Amino acid sequence: MSQAQIDTLASLFDTAVQVLKDKGELPADWQNSSQITRTKDVSHGDFASNIAMTAAKAAKANPRALAEKIVAALPDNQDIRQIDIAGPGFINVFLNSDAKFAVLNDIFALQDRFGLSEQFDGQKVQVEFVSANPTSSLHVGHGRGAAFGMSVANLLEAIGYEVTREYYVNDAGRQMDILATSTYLRYLEANGETVTFPVNAYQGDYVRDIAETLKLQHGDSYVYSFEQIAKDVPADADYKINAAGDKELIAGDKEAHIDGLIANSKTLLGDSYELFLNAALSDILADIKDDLNDFGVRYECWFSEKSIEDEIEPVLQILEDKGYLYEKDGNIWFRSTDFGDEKDRVVRRANGQTTYFASDIAYHKNKFDRGFDKVINVWGADHHGYVPRVRAALLALGIDAERLDVVLVQFVALWRGEQKVAMSSRSGQFVTLRELRGEVGNDAARFYYVARKPEVHVDFDLELAKSQSKDNLVYYIQYAHARACRVLEKLENSGYSVDDALGAEQQQLLVAANEEELIKLLAAYPATLMRAATGYEPHILTNYLKELAALFHGWYDSNRILPMSLTAKETPSQDELAMMQARLRLSKAVRQVIANGLSLLGLSAPSSM
């Protein structure tokens, strides 16, 4: 049954409700909140409605008795063969054959557009995801945000939204200064200076590589002694490992130390300081862009934090004018507790510098000023405490906070069988997204990243993701597509071809229970897609594809699509040809829907495996 027919069935029940209201058997103000669902057991019909049970209290009637009145009031419809009342009052609807097979016609007519909708046509939505600081390569945790955000964006496009995918580049602020100074210190080392590298600097080898490039380009033009860089700088942190095996601070202050090095570097280098900052930023950001592009993740907008520096003071002035800022201990605070946050937040420090949160307020105002109807932020789970303060800022600015949705994505743990893979170390090395993709491939990474709810931790089994078995869900689903392609290849090698007209004429032969289940599941694809998109839950689609693949494999194994006579190079009978074309039609429909679903998840649909 197509979506249009589902809507028709709902309309029939609405008509019956109105008849009962006109008779006084239902209150005139009763609102129909019932559901029409596909039955799992073919003996219970094709669809079931719980309307009698939802209306029974309002009607002051027994649900089963009310169901009989509803059925009696239903208008006639040529697609309905039979209506039964079951259990406490479920209304089961059995369709005529033509109505059952209508979904196959829809699939072949719409092909790669089957399941798509224009329900939200004209509405603009922004999906901001990944937005990792451009201070190192992306790691496997960022990969989950990338796969999830891209899948959500694709799903929203599939139901009609105009989607802007955005990466917020944090190219301003203290973290960039730490990166620039880290690069400069490595540059000094490359030029022969002895440097005591700070605890709080960026430790990875990629910083050395950037510094080596700068040395090749500029030689020793920007060399100052480390003594000058470290002059009057507070001592760095010193640690020991205590009896419990934990790192314990003995003396020093890593934050004050790195801030002192940054200040001295800026003073000594002057305008040349930007050379080190821009070199590091451009190198790392280019690496991030290449990594995401190779992962099949694209953006309409790479938004620079620097670009809104001039918008921070005006937005703080708005909050000031509204009475939402106050001074305490030299800092300027935003009254976020007025809007449900657990405590007020600093927007300008005593030294006059605005905070990252102040930048974020300006950034979110900028988002809505660009005319988005809905904004979706995909953040790591460690940002959960940040959500209330951002919503508070929107409310203070007079922006409807309901237009902002924040999806928190949990962490990823890598496993190799029963052995957990170390994700990082104090040396600054970690498992990168590029390394993961190199080992298991893009398809497995994309699928397993989104196969569970975002709020659930992912235990990523590297060995499973590479295996060729039904336990590897990616392989299992893609193999279903490949099997359908293989049948068509065998058919062509036998000198026959698909006869779509004959397949449509003979589709009434598809009466086996698993064939009816397949057709019903294919018909569920548009509603599944809508549910996955509106709930920001791509795992609903992965579960659907798993179920469809399992049903197809079972059907394929228990039913011959190509008759024995054909594979034996004999001439099939007319009855065999009729059944073959009917089953080929069903097989092609399954292949199309699997390809459609995989495409929305950013996965390939191989024709052979």
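Just so it is clear, the structure is predicted and the values come from calculations on it, not from any experiment.
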Does the [X] side chain pair with the main chain of [Y], one donor and one acceptor, at a distance under 3.5 Å?
{"X": "Ser265", "Y": "Tyr273", "result": "no"}
{"X": "Gln410", "Y": "Gly380", "result": "no"}
{"X": "Glu128", "Y": "Asn377", "result": "no"}
{"X": "His481", "Y": "Pro606", "result": "yes"}
{"X": "Glu274", "Y": "Asp271", "result": "no"}
{"X": "Ser307", "Y": "Ser304", "result": "yes"}

Asn366 vs Glu311, test: side chain to side chain donor-acceptor pair (under 3.5 Å). Steps then yes/no. CA-CA 8 Å; Asn366 181 286; Glu311 299 177 30; 3.2 Å; yes
Return the [atom1] to [atom2] distance between [X] and [Y], rounded to the nearest 0.5 Å.
{"X": "His257", "Y": "Asp236", "atom1": "NE2", "atom2": "CG", "result": "4.0 Å"}
{"X": "Asp338", "Y": "Tyr324", "atom1": "CG", "atom2": "OH", "result": "7.0 Å"}
{"X": "Gln111", "Y": "Ile107", "atom1": "CD", "atom2": "CD1", "result": "11.0 Å"}
{"X": "Asp373", "Y": "Asp400", "atom1": "CG", "atom2": "CG", "result": "11.5 Å"}
{"X": "Asn133", "Y": "Leu281", "atom1": "CG", "atom2": "CG", "result": "11.0 Å"}
{"X": "Gln317", "Y": "Lys322", "atom1": "CD", "atom2": "NZ", "result": "12.5 Å"}

Are [X] and [Y] close enough for a salt bridge, meaning some N to O gap below 4.0 Å?
{"X": "Arg208", "Y": "Glu189", "value": "yes"}
{"X": "Arg437", "Y": "Asp291", "value": "yes"}
{"X": "Arg434", "Y": "Asp287", "value": "yes"}
{"X": "Glu439", "Y": "Lys466", "value": "yes"}

For the residue pair [X] and [Y], what are the closest heavy atoms and their distance?
{"X": "Ala381", "Y": "Leu408", "value": "CA-CB, 4.2 Å"}
{"X": "Pro134", "Y": "Ile288", "value": "CA-CD1, 4.0 Å"}
{"X": "Lys306", "Y": "Asp171", "value": "N-OD1, 2.9 Å"}
{"X": "Leu156", "Y": "Ala533", "value": "CD2-O, 3.6 Å"}
{"X": "His218", "Y": "Tyr187", "value": "O-OH, 4.3 Å"}
{"X": "His142", "Y": "Val130", "value": "O-CG2, 4.2 Å"}

May I ask you to test the [X]-[Y] pair for a side-chain heavy-atom distance under 4.5 Å?
{"X": "Ile284", "Y": "Ile210", "value": "yes"}
{"X": "Ser599", "Y": "Asp112", "value": "no"}
{"X": "Val125", "Y": "Glu162", "value": "no"}
{"X": "Ser182", "Y": "Phe197", "value": "yes"}
{"X": "Thr432", "Y": "Leu138", "value": "no"}
{"X": "Ile308", "Y": "Phe303", "value": "yes"}
{"X": "Val593", "Y": "Tyr544", "value": "yes"}
{"X": "Tyr448", "Y": "Leu464", "value": "yes"}

Which side-chain N or O atoms in residues 383-394 pair as donor and acceptor under 3.5 Å with protein atoms at least two apart or in another chain?
from	atom 1	to	atom 2	distance (Å)
Tyr386	OH	Asp360	OD2	3.3
Arg391	NH1	Ala401	O	2.9
Arg391	NH1	Leu404	O	3.0
Arg391	NH2	Leu404	O	3.2

If you draw the axis of the six-membered ring of Phe372, does the NZ or CZ of Lys124 fall within 45° of it and under 6.0 Å from the ring centre?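 Yes, a cation-pi geometry.
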Does one side chain, of [X] or [Y], offer a donor that lies under 3.5 Å from an acceptor on the other?
{"X": "Asp405", "Y": "Tyr536", "value": "yes"}
{"X": "Asn191", "Y": "Tyr222", "value": "no"}
{"X": "Gln123", "Y": "Lys374", "value": "no"}
{"X": "Glu255", "Y": "Asn200", "value": "yes"}
{"X": "Arg452", "Y": "Asn543", "value": "no"}
{"X": "Asp344", "Y": "Trp333", "value": "no"}
{"X": "Gln126", "Y": "Glu166", "value": "yes"}
{"X": "Glu327", "Y": "Asn331", "value": "no"}
{"X": "Gln592", "Y": "Asn596", "value": "yes"}

Check the angle between the aromatic planes of Phe334 and Phe339 and answer parallel, tilted or perpendicular using the 30° and 60° thresholds.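 Taking Phe339 first and then Phe334, their aromatic rings lie parallel (interplane angle under 30°).
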As a quick check of understanding, evaluate salt bridge (Lys or Arg N to Asp or Glu O under 4.0 Å) for Asp220 and Lys215, giving each step before the final call. CA-CA 7 Å; Asp220 61 0; Lys215 178 193 173 185; over 6 Å; no
Check the surroundings of atom CZ in Arg113: do more than 12 heavy atoms from other residues, nucleotides or ligands lie under 6.0 Å from it?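 Open.
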Please say whether more than 12 non-hydrogen atoms of neighbouring residues, nucleotides or ligands are located less than 6.0 Å from NZ in Lys365.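 Counting other residues, nucleotides and ligands, NZ of Lys365 stays at 12 neighbours or fewer.
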I'd like to know whether the aromatic ring centres of Phe368 and His364 sit less than 6.0 Å apart in this structure. no
Can you name the one residue among Tyr299, Tyr167, Phe148 that meets ring pair (Phe, Tyr, Trp, His ring centres under 6.0 Å) with Phe129? Tyr299
Test side-chain contact (heavy atoms from CB on, under 4.5 Å) on Tyr206 and Ser136 and set out the steps. CA-CA 8 Å; Tyr206 61 94; Ser136 67; 3.1 Å; yes
In chain order, what residues pass the side chain to side chain donor-acceptor pair (under 3.5 Å) check against Asn264, with sequence neighbours excluded?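 Here no residue qualifies.
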Test Glu313 against Arg348 for salt bridge (Lys or Arg N to Asp or Glu O under 4.0 Å), laying out the working first. CA-CA 10 Å; Glu313 290 302 330; Arg348 185 184 287 109; 2.5 Å; yes
How far apart are the C-alpha atoms of Lys420 and Asp459, what are their side-chain angles, what is the distance that settles it, and do they pass the salt bridge (Lys or Arg N to Asp or Glu O under 4.0 Å) test? CA-CA 9 Å; Lys420 191 171 184 178; Asp459 288 326; over 6 Å; no
Criterion side-chain contact (heavy atoms from CB on, under 4.5 Å) on Arg345 and Thr355, from CA distance to verdict: CA-CA 10 Å; Arg345 308 292 176 175; Thr355 61; over 6 Å; no
Pairing residues for Lys254 by the salt bridge (Lys or Arg N to Asp or Glu O under 4.0 Å) criterion, not counting sequence neighbours: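 Applying salt bridge (Lys or Arg N to Asp or Glu O under 4.0 Å) to Lys254 gives none.
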